[in-house]
Amino acid sequence: MKKIIIKTLKLKEMLNNVKNAVSKDERRPAFGGILLEATGKRLTMTACDGYKLFTSSCELLEGSNFSIISPVFNIFGDLKENTIIEIDNEEEFITFDFGNVKISYKIIKDNFIEWRKLLERKEEFSIRFNPKFLKQALTNTNGAIEMFFAGDRDAVIIKEIEKENNQKYILPIAKPK
């Protein structure tokens, strides 16, 4: 049996970070779950719906190595400070022990995409900006947007592409430290 121990609040935060990238399409089983990868003292959760990919990771208190696709799970009950996650020897079931609630799910048997390759940097171009400004700009949009980069040190321009009034939002870029 493989077992990891993680702070429950960290697990909850990671789940919230990735669950919006889980697909509802039942024809693609791997995209309907969350890839859990425990290596050394780290847990990484990754979800992909075929269009967007979200990943999150944190330190474990204790851990075995494994890589499985778990169905989306809920965290509830009178939670303990730490959660124990166990994978049975046949890698058929994953069990979450939250304290007074213990839930088992059947592991999804499918191949997840090689997501790390998608995050490899091809070119050295990056921008920094305040996420609060981006959230404010996106809150005012209803359709698809385009992002234009006015140089690598000036501004990001967000433009709605399917609106008659052609709204634009300009976000200042933070200077590198």
Requested in this report: Not counting sequence neighbours, which residues clear side-chain contact (heavy atoms from CB on, under 4.5 Å) with Thr83? List them please.
Outcome: Ile6, Thr8, Leu11, Ile85, Phe98

Query raised in the report: What pairs with Glu90 under side chain to side chain donor-acceptor pair (under 3.5 Å), at least two apart in sequence or on another chain?
Result: none

Query raised in the report: Are Leu79 and Leu9 joined in one hydrophobic group, where the rule is that I, L, V, M, F, W and Y side chains link up if heavy atoms are under 4.5 Å apart?
Result: no

**Report entry** Smallest separation among heavy atoms of Ala30 and Ile69, with atom names
**Finding:** CB-CD1, 3.9 Å

Report task. Each residue besides Ile84 in its hydrophobic cluster should be listed here, by chain and number; the cluster joins Ile, Leu, Val, Met, Phe, Trp and Tyr at side-chain heavy-atom distances under 4.5 Å. Result -> Ile5, Leu61

Query raised in the report: Shortest non-hydrogen contact from Ala47 to Val22?
Result: CB-CG2, 3.7 Å

Requested in this report: Determine whether Met45 and Val72 fall in the same hydrophobic cluster, where Ile, Leu, Val, Met, Phe, Trp and Tyr are linked whenever their side-chain heavy atoms lie under 4.5 Å apart.
Outcome: yes

Query raised in the report: With sequence neighbours left out, which residue pairs that include part of residues 29-44 fulfil the side chain to side chain donor-acceptor pair (under 3.5 Å) condition?
Result: Glu37-Trp115, Glu37-Arg116, Arg42-Ser57, Arg42-Glu59

Requested in this report: Supply the atom-to-atom distance Phe66 CZ to Ile4 CD1, rounded to the nearest 0.5 angstrom.
Outcome: 4.0 Å

**Report entry** Results of ring pair (Phe, Tyr, Trp, His ring centres under 6.0 Å) for Phe112 - residues two or more places apart only
**Finding:** none

Query raised in the report: How close do Met14 and Cys58 get, heavy atom to heavy atom, and via which atoms?
Result: SD-SG, 3.3 Å

Requested in this report: For residues Ile113 and Phe31, determine if any side-chain heavy atom of one lies less than 4.5 Å from a side-chain heavy atom of the other.
Outcome: yes

Query raised in the report: Taking all atoms of both residues into account, what is the closest heavy-atom pair of Leu53 and Cys48, and its distance?
Result: CD1-CB, 3.9 Å

Query - Residue pairs fulfilling side chain to side chain donor-acceptor pair (under 3.5 Å) with at least one residue in residues 64-75, sequence neighbours excluded - result: none

Query - Check: Leu36 and Ile87 side chains under 4.5 Å, non-hydrogen atoms - result: no

Query raised in the report: Can you list the residues that meet the salt bridge (charged side-chain N to carboxylate O under 4.0 Å, His left out) rule with Glu114, with sequence neighbours excluded?
Result: Lys117

Query - Sub-4.5 Å side-chain heavy-atom contact between Ile68 and Glu91 - result: yes

**Report entry** Same apolar cluster: Leu43 and Tyr105, side chain cutoff 4.5 Å
**Finding:** yes

Query - Minimum heavy-atom distance Asn17-Ser56, with the two atoms named - result: ND2-OG, 3.2 Å

Query - salt bridge (charged side-chain N to carboxylate O under 4.0 Å, His left out) partners for Lys106, two or more places apart - result: Glu92

Query raised in the report: Which residue pairs satisfy the salt bridge (Lys or Arg N to Asp or Glu O under 4.0 Å) criterion with at least one member in residues 18-27, sequence neighbours excluded?
Result: Asp25-Arg27

Query - All salt bridge (charged side-chain N to carboxylate O under 4.0 Å, His left out) counterparts of Asp110, not counting sequence neighbours - result: none

Query raised in the report: Residues two or more places apart in sequence or in another chain: which of them pass side chain to side chain donor-acceptor pair (under 3.5 Å) with Lys102?
Result: none

Report summary line: Rounding to 0.5 Å, atoms CE (Met1) and OG1 (Thr95) come to a distance of 7.0 Å

Query raised in the report: With sequence neighbours excluded, what pairs up with Lys132 under the salt bridge (charged side-chain N to carboxylate O under 4.0 Å, His left out) test?
Result: none

Query raised in the report: In Å, rounded to the nearest 0.5 Å, how long is the span from CD1 of Ile75 to CG of Asn16?
Result: 7.5 Å

